[in-house]
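Everything below concerns the one structure shown next.
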Number of protein chains: 2
Amino acid sequence: MTASLNPDMFDAACPTTAMPFQIGDKWTVMVVLCLEDGPRRFNELRVPLRRVTSKVLAETLRSMERDGLINRFAYDENPPRVEYELTPLGRTLLDLVDAARSWCSENMDDLVAARAAFTARDPA
Amino acid sequence: MTASLNPDMFDAACPTTAMPFQIGDKWTVMVVLCLEDGPRRFNELRVPLRRVTSKVLAETLRSMERDGLINRFAYDENPPRVEYELTPLGRTLLDLVDAARSWCSENMDDLVAARAAFTARDPA
DNA sequence: CGGGATCCAGTGGGATACTG
DNA sequence: CAGTATCCCACTGGATCCCG
């Protein structure tokens, strides 16, 4: 089966938070990456995404389901079990994530340098 | 020189407003597209971007300048003249815009259909 | 376990008016 | 012409608590 998610797969100090583009809502890309290797349960997602409250994660997942990016499977067991998996449409976002990563590795330094230079010229 | 901008190059009813990703702020991509063929003046941009207030356009341009995406040239004339042009870094965003357009032409129908189906199932 | 309910703060962006 | 100055509102996302 799919291995456990790395609890530290998302670094809070990652400079790509200044990346000039965004896919979905604030946490959408991280959800996509978490689901890349197969279905995951709600609380399984909450490990690497521990900086997200359950409310916001539930909202994110619901809007992704709404847009056909993920499927939601609720099993009528006790304790309850719910699994999320990427749809083919959701998997197409992985290409965009790759494009974003490529852009960052090629251009992020320039952007950060420009920002620093601008701030130096105009400390306002 | 560069031809005038088409006043209707941006359609308010374009379904790509539901596109699941965004580059820069709300108007950044449109500014990039306006500058694709060469430098433009402030009020020249305001023709196709007439749904943007001057305050917001000025903010957008300033943050793009801050990030090194555009250059700003202010000529000390009367009446004043200011021109904006894409930097090489700003031009790299055109590739992302193309990637976004490709994704939309290939997947936007699926997303819109999924959204409609979801709303039909769950009218809440 | 997988959420929902409620409340709240910050912010992005719009309306209007004014200016060097 | 190319912006600023004010004011304001809606919406995103976070905190906390509670539930089947």
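Values reported hereafter were calculated over all heavy atoms of this structure, with side chains retained and with hydrogens, waters and symmetry mates removed. Note on naming: letters A, B, ... go to the chains in the order of the sequence lines (proteins, then strands), and numbering restarts at 1 for each one.
With C:dG4, D:dC1, C:dG2 as the choices, the nucleotide that has an atom nearest any side-chain atom of A:Ser54 turns out to be C:dG4. Looking at the side chain of A:Val82, the nearest of the listed nucleotides C:dG14, D:dG13, C:dG3 is C:dG3. Residue A:Phe42 places its side chain closer to C:dG2 than to any other of C:dT16, D:dG14, C:dG2.
Not one N or O on the side chain of B:Thr87 forms a donor-acceptor pair closer than 3.5 Å with the backbone of B:Asn71. Although no hydrogens or angles enter the test, the distance criterion places no donor-acceptor pair under 3.5 Å between the side chain of A:Thr16 and the main chain of A:Met19. The backbone N or O of B:Gly24 sits less than 3.5 Å from a side-chain atom of B:Gln22, completing a donor-acceptor pair. Of the possible polar contacts, none joining the A:Glu59 side chain to the A:Val56 backbone as a donor-acceptor pair under 3.5 Å is found.
We find that NZ of B:Lys26 is positioned 14 Å from C1' of D:dT12, with the value rounded to whole Å. We find that CZ of A:Arg50 is positioned 14 Å from P of D:dA15, with the value rounded to whole Å. The CZ atom of A:Arg62 sits 17 Å away from the P atom of C:dG2 (whole-angstrom rounding). Separating the CE atom of A:Met64 from the P atom of D:dG13 is a distance of 13 Å, rounded to the nearest angstrom. We find that CD of A:Gln22 is positioned 12 Å from P of D:dT12, with the value rounded to whole Å. Taking atom CD on A:Glu44 and atom P on C:dG3, their separation rounds to 13 Å, with Å as the unit. Between the CG atom of B:Asp122 and the P atom of C:dG3 there is a distance of 14 Å, given to the nearest Å. Across the protein-nucleic acid pair, A:Arg81 atom CZ and C:dG3 atom C1' stand 17 Å apart, rounded to whole Å.
Using a 4.0 Å heavy-atom criterion, one finds that A:Arg46 contacts no nucleic acid atom at all. Residue-level contact check: A:Arg72 touches the backbone only, with heavy atoms under 4.0 Å from sugar-phosphate atoms and none from bases. Within 4.0 Å (heavy atoms only), B:Tyr84 reaches sugar-phosphate atoms of the nucleic acid but no base atom.
Between B:Lys55 and B:Arg41, the residue anchored nearer the 5' end of DNA chain D, judged by the nucleotide with its closest heavy atom, is B:Arg41. Two residues, A:Trp27 and A:Pro80, neighbour DNA chain D, and the one matched to the more 5' nucleotide by heavy-atom proximity is A:Trp27.
Using a 30° and 60° split on the angle between ring planes, B:Phe21 and B:Trp103 fall in the perpendicular class, above 60°.
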